[in-house]
J.: 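If you scroll down you'll find the structure; I have some questions about it.
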Amino acid sequence: MNYGLPVAGVNVVRRVLPGVLKALGSQAELVERGRRATADLFAGLIKRYSFSSRDVDPAVARFAERMIEGTPIDVVAEFYPAFAEHDKAAALDVYREVPVLVLAGDRDLVTPSSHSEAIADLLPDAELVIVPDAGHLVMLEHPEVVTDRLADLLVRVGAVPSAANVGTYGSTAQPGG
């Protein structure tokens, strides 16, 4: 995972960030006051790491900011080490028996689409959809694409009749990876 940084930057982040987050987590009240005071600065960072499109609805961007700002720093500090080491590839076996949709933004800086491609490779019958011009919050950035693909999945599993489908999307779907 490179977080959209050059290699040297990634190495520094991997070495320094866990300690920084742990220190910040131990000073949660002070950090939260600082987060509120620097909300405009964080808004730009949140937008960069959440979205790829330049024309994201400002209300959607504000919603994402509030959602992320609402996560206490001590929660982030405890979550990050698990996130960096999280690998549940072995758990994917249970999904070989059911229809699967793997969907990602092509410009996700937090969880690169290569991770979704790796999941689809392990689940050869999965439908892989890489959404163009989409970042980490693809479901907010391109809700119509996500809705269409979820509706298609519901039809495939027989949860809704095909006539109930909400529409189709000019697909970049790559069934089977």
Side-chain angles (χ1 to χ4, degrees), residues 1-5 10 13 42-72 75-76 78-177:
M1 185 171 320
N2 67 7
Y3 306 106
L5 299 170
V10 172
V13 167
F42 282 112
L45 287 172
I46 290 168
K47 188 171 182 182
R48 165 144 168 66
Y49 281 90
S50 298
F51 305 107
S52 173
S53 305
R54 294 183 190 271
D55 61 345
V56 172
D57 181 328
V60 171
R62 279 192 303 278
F63 172 75
E65 290 166 27
R66 298 306 169 268
M67 182 174 57
I68 293 167
E69 289 169 357
T71 305
V75 171
V76 175
E78 290 183 27
F79 174 73
Y80 179 78
F83 178 69
E85 298 172 6
H86 188 81
D87 182 356
K88 298 296 181 191
L92 292 175
D93 282 343
V94 298
Y95 294 102
R96 291 183 187 276
E97 305 300 318
V98 297
V100 173
L101 168 66
V102 180
L103 187 141
D106 70 337
R107 296 185 182 158
D108 187 334
L109 297 176
V110 179
T111 310
S113 60
S114 61
H115 292 210
S116 295
E117 291 164 355
I119 291 170
D121 286 345
L122 294 169
L123 297 170
D125 293 329
E127 176 186 9
L128 173 63
V129 178
I130 304 298
V131 181
D133 195 30
H136 190 64
L137 296 181
V138 62
M139 74 296 290
L140 297 178
E141 191 170 15
H142 296 287
E144 69 289 345
V145 175
V146 176
T147 299
D148 286 350
R149 294 330 232 172
L150 288 173
D152 290 346
L153 178 64
L154 291 172
V155 169
R156 285 199 326 264
V157 300
V160 296
S162 61
N165 198 340
V166 294
T168 58
Y169 163 64
S171 175
T172 57
Q174 303 155 10

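Just so you know, residue 1 is the first one in the sequence shown, and it goes up from there.
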J.: Can you name the closest pair of heavy atoms from His142 and Ala134 and give their distance?
T.: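 Answer, listing the atom of His142 first, then Ala134: CD2-CB, 3.5 Å.
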
J.: Using a 4.5 Å cut-off on heavy atoms from C-beta on, say whether the side chain of Val98 contacts that of Val157.
T.: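 Of all side-chain heavy-atom pairs linking Val98 with Val157, none is under 4.5 Å.
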
J.: Using side-chain heavy atoms (C-beta onward) and a distance below 4.5 Å, is Ser50 in contact with Leu140?
T.: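 No; the side chains remain at least 4.5 Å from each other.
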
J.: Would you compute the distance between atom CZ of Arg48 and atom CZ of Arg107 and round it to the nearest 0.5 angstrom?
T.: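 Result: 11.0 Å between the selected atoms.
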
J.: Going through the checks in order, is the side chain to side chain contact (heavy atoms under 4.5 Å, CB included) test met by Val138 and Asp108?
T.: CA-CA 8 Å; Val138 62; Asp108 187 334; over 6 Å; no

J.: Ignoring hydrogens, what is the shortest heavy-atom contact between Leu137 and Phe51? Give both atom names and the distance.
T.: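 Nearest heavy atoms, Leu137 then Phe51: CB-CE2, 3.9 Å.
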
J.: Provide the closest heavy-atom pair for Leu123 versus Leu92 in the form atom of the first, atom of the second, distance.
T.: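 Answer, listing the atom of Leu123 first, then Leu92: CD2-O, 3.5 Å.
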
J.: Please report the C-alpha distance between Ser116 and Leu128 in whole Å, then the side-chain angles of each, then the deciding distance to 0.1 Å, and finally whether the side chain to side chain contact (heavy atoms under 4.5 Å, CB included) criterion is met.
T.: CA-CA 8 Å; Ser116 295; Leu128 173 63; 4.3 Å; yes

J.: Minimum heavy-atom separation for Val102 to Ala126, with atom names?
T.: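 Smallest interatomic distance, heavy atoms only, reads CG2-CB, 4.1 Å.
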
J.: Just how far is it from atom OG of Ser113 to atom CG of Leu103, taken to the nearest 0.5 Å?
T.: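 Reported value, rounded in 0.5 Å steps: 11.0 Å.
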
J.: Of all heavy-atom pairs between Tyr49 and Val110, which one has the smallest distance, and what is that distance?
T.: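 Between these two residues, the closest heavy atoms are O-CG2, 3.6 Å.
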
J.: So, for Ile130 and Gly105, which heavy atoms are closest and what is the spacing to 0.1 Å?
T.: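 Here Ile130 and Gly105 meet closest at CG2-C, 4.4 Å.
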
J.: With distance as the sole test, does Asp125 use its side chain to make a donor-acceptor pair with the main-chain N or O of Pro99 at under 3.5 Å?
T.: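 Judged by distance alone, no pair lies under 3.5 Å.
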
J.: Is there a donor-acceptor contact under 3.5 Å from the side chain of Arg96 to the main chain of Leu122?
T.: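 Yes; at least one donor-acceptor contact below 3.5 Å.
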
J.: Measuring from atom CG of Leu101 to atom CG of Asp152, what distance do you get when rounded to the nearest 0.5 angstrom?
T.: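 Taking CG in Leu101 and CG in Asp152, the distance rounds to 8.5 Å.
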
J.: Would you say Asp133 and Ser53 are linked by a side-chain donor-acceptor pair, where the criterion is simply a distance under 3.5 Å?
T.: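 Indeed, the side chains of Ser53 and Asp133 share at least one donor-acceptor pair under 3.5 Å.
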
J.: Could you check if a side-chain atom of His136 sits within less than 4.5 angstrom of a side-chain atom of Thr111, using non-hydrogen atoms only?
T.: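 When only atoms from C-beta onward are counted, Thr111 and His136 do touch, with a gap below 4.5 Å.
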
